[in-house]
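Naming: A, B, ... by sequence-line order, numbering from 1 per chain. What you see is a predicted model, and the numbers here were worked out from it, not measured in a lab.
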Protein chains: 2
Amino acid sequence: MSQTVDRALSILPLLAQGPADLGRVADRLGVHKSTALRLLRTLHEHGLVYRQQDNRYRLGARLFALAQEAVENLDMREIAHSHLVALNGQCGHTVHLAVYEDGEVLYIDKVESRYPVRMYSRIGKPVAITVAAVAKLLLADLPEAERRALAERLDYPMYTPRSSPNAAAFLKELATVREQGWATDLGGHEESINCVGAPIRGADGRVVAAMSVSAPNVVVTAEELLTLLPLVRRTADAISGEYSGNTPPSKDAS
Amino acid sequence: MSQTVDRALSILPLLAQGPADLGRVADRLGVHKSTALRLLRTLHEHGLVYRQQDNRYRLGARLFALAQEAVENLDMREIAHSHLVALNGQCGHTVHLAVYEDGEVLYIDKVESRYPVRMYSRIGKPVAITVAAVAKLLLADLPEAERRALAERLDYPMYTPRSSPNAAAFLKELATVREQGWATDLGGHEESINCVGAPIRGADGRVVAAMSVSAPNVVVTAEELLTLLPLVRRTADAISGEYSGNTPPSKDAS
DNA sequence: AATGGCCATTGCATGTAGTGCAACGAGATC
DNA sequence: GATCTCGTTGCACTACATGCAATGGCCATT
């Protein structure tokens with residue numbers, strides 16, 4: 001691992017908390033100001049940080065552009081999107097698509113509810129991993145050892161009384177999810193919001209993504225939402241099929 | 001400037017074009033494979049790149065998270081958002097908020113149209129800088145020298161017959177915009193889409209952001225859209241006022 | 001099964017390039 | 001106008017990144 005790069009990259013999460021001046025960055029990094037200056041300059045040239053008029057640094061524009069390009073290049077998202085839109089067209093609720101990556105679950109696509117009451121979530125935002133239906137689906141399929149290790153090191157915030165309280169309960173829930181092949185979040189994240197989700201599988205049967213439909217109590221009850229399960233599963237299976245059928249990962253135009 | 005960090009960061013735009021394996025990355029960087037490996041590992045540890053099962057690398061999750069945190073920490077966005085929502089409530093069309101940064105103009109907030117026909121745009125996406133109303137507003141206020149220099153090095157893609165064809169025409173357009181204090185894009189980016197925008201100014205009168213209302217021809221004609229100009233300007237001025245009134249970041253007790 | 005080729009990985013010797021120091025300068029404060 | 005703070009620069013030193021060559025795993029070919 002490269003020390004210099006490591007230091008430079010450590011600046012990014014630091015600036016994510018808010019703008020900081022040179023001295024502050026140097027302190028947090030534990031390096032001399034001149035060193036911090038050179039790192040910041042390099043980050044600046046690549047557009048990852050921006051220097052405002054008061055000489056403080058904050059995260060820069062290219063970060064957004066990179067994130068955009070990244071999400072748009074995901075095969076899964078491309079394949080799934082039209083299916084998600086179709087599902088939204090049928091039920092009208094918010095539809096999410098998520099993937100697992102290095103201990104995090106994050107949304108990679110979203111179709112907004114057609115109802116006025118909308119959920120707060122954003123593409124790229126890490127998911128509440130211990131309660132979200134899509135997170136359960138993705139984690140349930142991890143290899144035993146990795147799943148246990150991850151569950152142990154997670155935090156279990158009690159968003160509501162129905163949140164998973166600890167690793168043991170969570171692992172049990174994951175076992176259930178793996179058995180039944182679908183998952184719910186009934187008010188485990190926000191009191192009034194329910195979700196029902198299904199896994200998307202690759203050609204080898206491994207879960208590569210997960211999708212869910214979410215709606216607040218005030219629009220449909222949990223029972224009504226559950227009646228959508230077959231539809232959600234069909235949609236997920238359709239995406240799985242298309243994803244497995246077309247396996248053109250060698251799509252290089254160099 | 002740090003060579004090592006420079007190389008590492010050069011990997012990111014490279015991977016933005018699509019996944020690449022170690023050899024490919026090393027080639028593109030012009031370094032030995034072992035060097036590329038160490039850089040990739042460092043990026044990986046910070047979550048900026050992800051290593052897929054086939055050993056190819058692509059951009060990673062934390063990139064999204066960083067971009068999210070960055071956009072949510074922008075004062076301008078926070079202040080403006082409620083105004084944008086209110087404006088959308090009154091006219092129903094898509095509302096955009098954009099800022100200029102190092103030669104790029106990018107959207108930092110967006111309120112979706114309530115009509116079924118929606119524009120394609122995303123928060124964080126770079127704006128078509130030679131045609132968008134918000135881009136004209138932001139560039140029109142740049143210092144003379146910087147404006148000229150930027151105009152000269154831009155590309156002028158002819159999205160439609162009404163796109164700015166070259167630097168001279170663009171600079172002339174910017175002069176008009178600066179004079180009148182508002183801007184339009186009448187089918188300069190996509191044939192059927194019109195925009196009308198107004199600048200948001202800081203306490204010193206400099207343009208710090210720009211906003212616009214966009215709607216396709218099929219919903220309202222360009223003439224009808226222009227009748228919204230006073231409303232757009234009022235909204236922009238209201239945001240300017242609030243932004244100038246509250247100056248919390250500038251005055252800090254030591 | 002055995003072989004050959006491809007690619008990721010590792011340990012190490014070399015010298016390049018990143019580091020901290022100290023001095024300088026600009027801007028603000030009193 | 002004096003003093004303090006903070007960003008900036010040039011430089012000597014050596015820590016650290018680099019490329020090489022060798023190893024090992026994986027896959028395809030025979």
Side-chain angles (χ1 to χ4, degrees), chain A residues 1-12 14-15 17-46 48-60 102 143 202-204 206 247-252 254, chain B residues 1-12 14-15 18-46 48-60 102 143 202-204 206 247-254:
Chain A
M1 184 177 75
S2 162
Q3 185 189 64
T4 315
V5 178
D6 184 48
R7 283 173 172 163
L9 297 183
S10 300
I11 293 176
L12 298 179
L14 195 158
L15 292 185
Q17 299 165 15
D21 62 21
L22 179 61
R24 191 187 188 80
V25 171
D27 280 353
R28 296 274 188 110
L29 280 186
V31 299
H32 197 269
K33 280 189 304 180
S34 57
T35 302
L37 178 64
R38 208 143 11 83
L39 298 177
L40 281 166
R41 277 224 254 258
T42 310
L43 289 167
H44 179 79
E45 285 188 23
H46 285 261
L48 297 185
V49 310
Y50 177 74
R51 186 172 197 175
Q52 16 189 54
Q53 289 82 346
D54 60 358
N55 274 349
R56 293 189 308 165
Y57 296 87
R58 60 170 171 77
L59 295 180
D102 282 333
D204 56 359
R206 292 285 308 275
T247 15
S250 54
K251 205 163 90 178
D252 303 352
S254 52
Chain B
M1 183 176 74
S2 162
Q3 185 189 66
T4 315
V5 178
D6 184 47
R7 284 175 173 164
L9 297 183
S10 300
I11 293 177
L12 297 179
L14 194 157
L15 292 185
D21 62 20
L22 177 60
R24 194 188 186 83
V25 171
D27 280 353
R28 296 272 187 110
L29 279 185
V31 299
H32 197 270
K33 279 189 305 178
S34 58
T35 303
L37 179 64
R38 209 145 7 85
L39 297 177
L40 281 165
R41 278 224 253 260
T42 310
L43 290 168
H44 179 81
E45 285 188 22
H46 285 260
L48 297 186
V49 309
Y50 177 73
R51 184 172 198 179
Q52 20 190 51
Q53 289 83 346
D54 61 358
N55 276 349
R56 293 189 308 166
Y57 296 87
R58 60 171 173 76
L59 295 180
D102 282 331
D204 55 359
R206 291 284 308 277
T247 18
S250 58
K251 276 280 185 184
D252 286 359
S254 60

- Query: If each of A:Arg51 and A:Ser2 is mapped to the nucleotide of DNA chain D with the nearest heavy atom, which maps nearer the 5' terminus, i.e. the 5' end?
  - Reply: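 The 5'-side residue here is A:Arg51.
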
- Query: If each of A:Asn55 and A:Thr4 is mapped to the nucleotide of DNA chain D with the nearest heavy atom, which maps nearer the 5' terminus, i.e. the 5' end?
  - Reply: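 By nearest-heavy-atom nucleotide position, the 5'-most residue is A:Asn55.
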
- Task: Applying side-chain hydrogen bond (donor to acceptor under 3.5 Å, both in side chains), name anything that partners A:Arg24, two or more places apart in sequence or on another chain.
- Result: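 Applying side-chain hydrogen bond (donor to acceptor under 3.5 Å, both in side chains) to A:Arg24 gives none.
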
- Item | Residues that A:Asn55 engages under side-chain hydrogen bond (donor to acceptor under 3.5 Å, both in side chains), provided they are two or more places apart |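 For A:Asn55 the side-chain hydrogen bond (donor to acceptor under 3.5 Å, both in side chains) partners, ignoring immediate neighbours, are A:Arg51.
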
Heavy atoms, side chains only, cut-off 4.5 Å: are [X] and [Y] in contact?
X       : Y       : answer
B:Leu15 : B:Leu43 : no
A:Arg28 : A:Gln17 : yes
B:Leu12 : B:Val49 : yes

- How large an angle, rounded to 10°, do the end axes of the helix from C:dA1-D:dT30 to C:dC30-D:dG1 enclose when each is built from five base pairs?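 The two end axes of the helix from C:dA1-D:dT30 to C:dC30-D:dG1 meet at 40°.
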
- Query: How would you label the contact of A:Arg24 with the nucleic acid (heavy atoms, under 4.0 Å): base, sugar-phosphate, or nothing?
  - Reply: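 Touches nothing.
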
In whole angstrom, what separates [X]'s [atom1] from [N]'s [atom2]?
X       : N      : atom1 : atom2 : value
A:Asp6  : C:dT19 : CG    : P     : 11 Å
B:Gln3  : C:dT19 : CD    : C1'   : 15 Å
B:His32 : C:dA8  : NE2   : P     : 12 Å
A:Lys33 : C:dC24 : NZ    : P     : 15 Å

- Item | Closest approach of A:Leu39 to A:Thr4 (non-hydrogen atoms, all atoms of both residues) |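 Looks like CD2-CG2, 3.9 Å.
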
- Item | Where chain B begins and ends its contact with DNA chain D, read 5' to 3' at 4.0 Å from heavy atoms |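 Contact boundaries, 5' end first: D:dA17 to D:dA21.
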
- Item | Partner residues of A:Gln52 under the side chain to side chain contact (heavy atoms under 4.5 Å, CB included) criterion, sequence neighbours left out |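 Residues passing side chain to side chain contact (heavy atoms under 4.5 Å, CB included) with A:Gln52: A:Pro19, A:Tyr50, A:Asp54, A:Arg56, A:Arg58.
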
- Query: So B:Leu9 and A:Glu45, side chain to side chain contact (heavy atoms under 4.5 Å, CB included) or not? Walk me through it.
  - Reply: CA-CA 10 Å; B:Leu9 297 183; A:Glu45 285 188 23; over 6 Å; no

- Task: Please list all pairs passing the side-chain hydrogen bond (donor to acceptor under 3.5 Å, both in side chains) test where one or both residues lie in residues 31-43 of chain B, with sequence neighbours left out.
- Result: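 Sorted pair list: B:His32-B:Ser34.
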
- Message: For DNA chain C, which residues of residues 34-42 of chain B approach it to below 4.0 angstrom with any heavy atom?
- Response: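 Result for residues 34-42 of chain B: B:Ser34, B:Leu37, B:Arg41, sorted by number.
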
- Nearest-nucleotide comparison on DNA chain C, the residue closer to the 5′ end among B:Asp21 and A:Val31: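 Of the two residues, B:Asp21 wins.
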
- Query: Taking only side-chain nitrogens and oxygens of A:Arg7, does any of them come within less than 4.0 Å of OP1 or OP2 of C:dG18?
  - Reply: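 A:Arg7 to C:dG18 OP1/OP2: no side-chain N or O under 4.0 Å.
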
